[in-house]
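Everything on this sheet refers to the single structure shown next.
In what follows, every heavy atom counts, from backbone to side chain, and hydrogens, waters and symmetry copies are set aside.
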Amino acid sequence: MTGLLLAFWATPHMGRGHLVFAAGSTAYILLGVCFEERDLRREFGGDYEAYAQRVRSLLPLPSRHWSSPRARGGPAH
């Protein structure tokens with residue numbers, strides 16, 4: 001999703017048509033992310049909640065509170 005957003009907005013010449021397209025596509029993606037998050041919470045419950053607290057949705061980099069499973073005493077995958 002982040003790659004698509006970058007592709008829509010990173011342009012040397014932003015015409016009116018491209019601006020409308022980029023804004024509409026951004027709104028569509030953000031709305032889709034909200035529905036996807038809701039469905040994942042419904043399907044996976046607490047496991048997804050724990051994951052969502054560690055990882056951001058649009059830019060999935062670990063948060064500063066993240067640690068590897070090995071550091072937490074769990075199995076390494």
Side-chain angles (χ1 to χ4, degrees):
M1 299 300 171
T2 303
L4 287 173
L5 290 174
L6 284 172
F8 296 154
W9 289 100
T11 180
H13 303 287
M14 179 70 78
R16 189 177 313 161
H18 188 98
L19 176 64
V20 170
F21 171 77
S25 297
T26 299
Y28 180 79
I29 286 173
L30 294 176
L31 184 63
V33 167
C34 289
F35 283 116
E36 183 178 23
E37 292 276 324
R38 181 197 65 188
D39 293 344
L40 290 169
R41 282 184 170 85
R42 186 179 301 147
E43 185 170 342
F44 297 109
D47 289 338
Y48 184 76
E49 281 295 330
Y51 169 79
Q53 288 178 0
R54 291 190 324 267
V55 180
R56 299 175 208 132
S57 62
L58 284 177
L59 190 59
L61 299 173
S63 70
R64 63 177 174 235
H65 302 294
W66 182 83
S67 62
S68 70
R70 188 173 290 180
R72 290 190 308 265
H77 294 277

Of all the heavy-atom pairs spanning Phe8 and Ala22, show the shortest one and how long it is.
-> O-CB, 3.8 Å

Atom CZ of Arg38: over 12 foreign heavy atoms under 6.0 Å | yes

Spatial distance of atom CG (Leu30) from atom OG (Ser25) [nearest 0.5 Å] | 10.5 Å

Under 4.5 Å between side-chain heavy atoms, hopping through other hydrophobics if needed: is there a path connecting Tyr28 to Trp9?
-> no

In one Ile/Leu/Val/Met/Phe/Trp/Tyr side-chain cluster, 4.5 Å: Leu4, Val33 | yes

CD on Glu36 to CG on Leu31, rounded to 0.5 Å = 12.0 Å

Taking all non-hydrogen atoms of both residues, which atom of Tyr48 and which atom of Arg41 are closest, and how far apart?
-> CD2-CG, 3.6 Å

